[in-house]
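Naming: A, B, ... by sequence-line order, numbering from 1 per chain.
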Amino acid sequence: MSKAVVAVAGVLGLAAYIFIYATGVAHPPIRSDGFSYYVYLPSWFIFHDLSLREVARDCCGGEFPEFSAIIRWPGTRRWVNAHPIGVAIMQAPFFLLAHLLTKWSNLSPDGFTFYYQHSAGLAGLFWMVAGLVALRRLLLRQFNDRITAATLFVLTFATSLFHYGTYDSSYSHVYSFFLFSVFMVLTDTWYRSPRRFTSWLLGATAGLIVLTRHPNALFLVVFPLYGVTRGEALLGRIREFKRRLPDLLKVAVAAALVVTPQLLIYFFATGRPLISSYGSLGFNFSEPQLFGVLFSVQKGVFFWAPILLIGVVGLIASRGMARSFAFPAGVFLIVNSYVIASWWDWQFGASFGHRGFVDSYPLLALGIADVFDRIAHRTMLVLATSVVALTAAIVSTVQMLQYWYHVMPMSDTTWEQYRAVFMQLR
Amino acid sequence: MKRAIAIVLFFAVAGLLAWLRDPAWLARMESGFGRWERATDGVVYRWTAGRASFFVPADLQAIEIPLRLPIQPGDWPAVVTISIDDRPADRLVMAEDGWETRRVLLPPRGARRLRRIDIHVDRTRPGNRGVMVGEVVRKP
């Protein structure tokens, strides 16, 4: 049954993707943040240039548009992209196929024509489905197929995940969703029954997580804190790390190897390997908009996807493998919420729900599954929860369509605006 | 069974590639253009980005492309390059405001039914606006 949910998510995702671009609901996929995540690929593979200078000359008259957040570094005047290379790496196989098709069909091989656009768009959909596959594998280690299916269903259709796998699929969020899911699978494997390549894969995934979105480095706290529930467990963890030092080194080496190209790119552009790639844009840690990012009408993650609250409750009271993730999940979710709430643009610009939290959905999925599992033997509760979940999915889908058709504002939504168009598509 | 599926897949991919080599729908394919607008002189035009491309029938003898760049005092001129299937066909420096129509001769028809025309501008205005392009006239 859970396999069918993943398959349905993939088929509906593809249908929605075709609908979005065949009817002109959205501009071509390489837009907004999607542009700067992607722009490395034409630069590397078409212009054979690591500096982004040649692609800027070709696409944009020598200067990247302001929206791209690609800035000239003061002092060197070289281009620095606010967004790192991880998404581009994961889009690369799709890009290369698109490049071959472009040459074959005689479209302009400039990196931004038809096949390139949809290679970037469909790559996002692919990684969303791959993320669901990985998450399914994790959930099945503790929960039965029906619980797993129900969890994947609400996560896909009662949150903004489907939106970020289709309409805004060139953004980084579904890539992080996939990497977080895989990282959790590998973390659980590393502690419970490590195989030959687990350490290398874990390190490479950790490196890609950092390369996909720098603040997501916070997520790596899941690895050392997995299974820690008490103070003594923390001491036990330190002893375990000492005992498994060779494995730990493999993790570190793999992560360092994956991250190194990004450090070299920063070094060539600025003279330093570690920089704040957002330039003058930054955080306001003294005034975090915590209520805003969690509960507000504008972009509150729990306002736009209330089903995720079940995930929080479930994590707190979780058992088994989910319990092993509960403490690190708590640490990550609290710190991550604080960081997101401190960003100068805490709404993250135009987005459906709060896109900063999409990356964290695999953690909350464990909590949702745990709650579903606890009530699975109580018929009335199952019925009530099914009605709530289905209603949440319907409301979320209608709101997603409202966002697509600009019935709902892209940001700064007020309660009056929300109420006036509630469940209306025109 | 597996072998049969592999054979069907092979022929499906081969057929798809043969179709994608020179598909008719490319005639409607464009990239790098903004929406149609009307200038104060009544001419209908579109802005290009740094690069824009479109297709024309390969059996045409020539096309005429109206170009304009509203230059303000102190602005740098822009170099516009027109290419046919990646081969440069015309190059002009736009240093003054006003429409300029460029006649581009097309080479004899080759293996494909369409030719790709690229317009590249070496510097753009804010909003990644390259050059104004009027309606392209096709000369059989």
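- Among residues 64-77 of chain B, no residue has any heavy atom closer than 4.5 Å to a heavy atom of chain A.
- Counting heavy atoms of neighbouring residues, nucleotides and ligands inside a 6.0 Å radius, atom CZ of B:Arg21 exceeds 12 of them.
- At a heavy-atom separation below 4.5 angstrom, chain B is approached by A:Leu101, A:Lys103, A:Trp104, A:Ser105, A:Asn106, A:Leu107, A:Ser108, A:Pro109, A:Asp110, A:Thr113 within residues 89-113 of chain A.
- Considering only residues two or more places apart in sequence or on other chains, A:Tyr40 meets the ring pair (Phe, Tyr, Trp, His ring centres under 6.0 Å) condition with A:Trp44.
- Heavy atoms closer than 4.5 Å to chain B are found nowhere in A:Tyr116, neither backbone nor side chain.
- Taking CZ from B:Arg51 and CZ from A:Arg57, the interatomic distance works out to 13.0 Å, rounded to the nearest 0.5 Å.
- Counted within 6.0 Å of CD on B:Glu37, heavy atoms from surrounding residues, nucleotides or ligands total more than 12; the atom is thus considered enclosed.
- B:His120 places no side-chain N or O within donor-acceptor distance of the main-chain N or O of A:Cys59, the cut-off being under 3.5 Å.
- A:Tyr115 has its side chain within reach of B:Leu20: a pair of non-hydrogen atoms, C-beta onward, lies under 4.5 Å apart.
- Remark: A:Arg53 CZ is loosely packed, at most 12 non-hydrogen atoms of other residues, nucleotides or ligands lying under 6.0 Å away.
- Rounded to the nearest 0.5 angstrom, A:Phe114 CZ and B:Leu26 CG are separated by 9.5 Å.
- Both the backbone and the side chain of B:Thr124 come within contact range of chain A, each with at least one heavy atom under 4.5 Å from a heavy atom of that chain.
- Using a 4.5 Å cut-off between heavy atoms, B:Trp25 touches chain A through its side chain atoms alone.
- Using a 4.5 Å cut-off between heavy atoms, B:Asp122 contacts chain A through its backbone alone, with no side-chain atom that close.
- Proximity to chain A is limited to the side chain of B:Arg112, based on heavy atoms less than 4.5 angstrom apart.
- For residues 9-17 of chain A, an interface with chain B (any heavy-atom pair closer than 4.5 Å) does not exist.
- Surrounding CE of A:Met410 are more than 12 heavy atoms belonging to other residues, nucleotides or ligands, all under 6.0 Å away.
- Atom CZ of A:Arg137 has 12 or fewer neighbouring heavy atoms from other residues, nucleotides or ligands inside a 6.0 Å radius.
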